[in-house]
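Okay, structure first, notes after.
Everything numeric here is computed off the predicted structure, so don't read it as measured data. Throughout, protein chains are lettered first and strands after them, A, B, ... in sequence-line order, and every chain is numbered starting at 1. The analysis underlying the following values was restricted to heavy atoms, covering all of them including side chains, and did not include hydrogens, waters or symmetry mates.
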Amino acid sequence: QQKVQQSPESLIVPEGGMASLNCTSSDRNVDYFWWYRQHSGKSPKMLMSIFSNGEKEEGRFTVHLNKASLHTSLHIRDSQPSDSALYLCAASRTGGYKVVFGSGTRLLVSP
Amino acid sequence: NAGVIQTPRHKVTGKGQEATLWCEPISGHSAVFWYRQTIVQGLEFLTYFRNQAPIDDSGMPKERFSAQMPNQSHSTLKIQSTQPQDSAVYLCASSTTGGLYEQYFGPGTRLTVL
């Protein structure tokens with residue numbers, strides 16, 4: 001059964017610091033990765049997606065993907081208290097429909 | 001665009017009672033997913049509809065859970081004989097197609113079984 005492993009489980013970074021989150025899929029047929037952010041009491045909302053090897057940057061957020069190792073990472077620079085949330089990594093296969101979510105990394109940005 | 005609508009937002013049932021949860025996907029979206037989220041298990045896939053047809057219910061506890069999508073504007077998740085372990089936030093999500101596009105989640109229904 002396909003699994004998506006995220007690390008660390010929780011992370012505390014100071015305001016203005018860099019947060020780095022990791023995600024690996026056990027399914028060699030996975031081609032698509034997403035990062036969702038879920039603030040406390042809210043529903044998940046997509047943050048970024050990446051389908052090709054390399055790096056993608058949107059504002060303070062950068063996502064890396066290494067398809068050979070099925071590993072993706074999310075980096076948040078200049079972290080803000082509003083970035084405190086549960087970050088969920090998700091993966092799916094080409095032509096597939098099922099998106100498998102990891103258990104998440106809980107990020108706390110301390111003022 | 002109101003986004004995905006879920007009702008009720010909170011539901012409290014007694015053990016053994018039935019619970020029906022409603023989801024209205026974003027207009028034009030052909031894919032509807034149901035998930036269950038708990039602190040312990042995280043976000044678990046329950047079932048998936050495409051163009052109203054049930055495609056995959058592999059995540060559904062077989063005996064007491066059922067889902068339907070009678071028309072393109074709503075889906076229901078029914079739990080019979082609810083048990084305390086069914087307590088969770090049930091999330092509905094829709095997308096323009098299956099796994100290749102962003103899923104838009106509703107606000108969820110928090111089910112508490114006493």
Inter-residue atom distance B/E102.CD - A/K45.NZ, 0.5 Å rounding = 8.0 Å
Linking I/L/V/M/F/W/Y whenever their side-chain heavy atoms sit closer than 4.5 Å, directly or via other members, would [X] and [Y] fall into one cluster?
X     : Y      : value
A/L74 : A/V4   : no
B/V89 : B/V113 : no
B/W34 : B/W22  : no
A/L47 : A/Y32  : no
B/L21 : B/I26  : no

Answer yes or no: are there more than 12 heavy-atom neighbours, outside A/L108 itself, under 6.0 Å from its atom CG?
->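 Atom CG in A/L108 is packed in, count exceeds 12.
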CD1 (B/I39) with more than 12 external heavy atoms under 6.0 Å =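 Check fails, neighbour count at 12 or below.
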Donor-acceptor under 3.5 Å (B/Y104 side chain, A/M46 main chain) |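 No: the side chain of B/Y104 does not pair with the backbone of A/M46.
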For B/G106 against A/S43, the heavy-atom pair lying closest together | O-CB, 2.9 Å
Transitive ILVMFWY cluster of B/V40 at side-chain heavy atoms under 4.5 Å: who else is in it?
-> none
With sequence neighbours excluded, residues passing ring-ring contact (aromatic ring centres under 6.0 Å, His included) with B/Y35 =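 For B/Y35, the residues satisfying ring-ring contact (aromatic ring centres under 6.0 Å, His included) (neighbours in sequence not counted) are A/F101, B/F105.
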B/L91 side chain near A/P44 side chain, heavy-atom distance below 4.5 Å = yes
Side chains of B/Q37 and A/L86: closer than 4.5 Å at any heavy-atom pair?
-> yes
Taking only heavy atoms into account, what residues of residues 72-81 of chain B are found under 4.5 Å from chain A?
-> none
Heavy atoms under 4.5 Å from chain A: which residues of residues 54-68 of chain B carry them?
-> B/I55, B/D56, B/S58
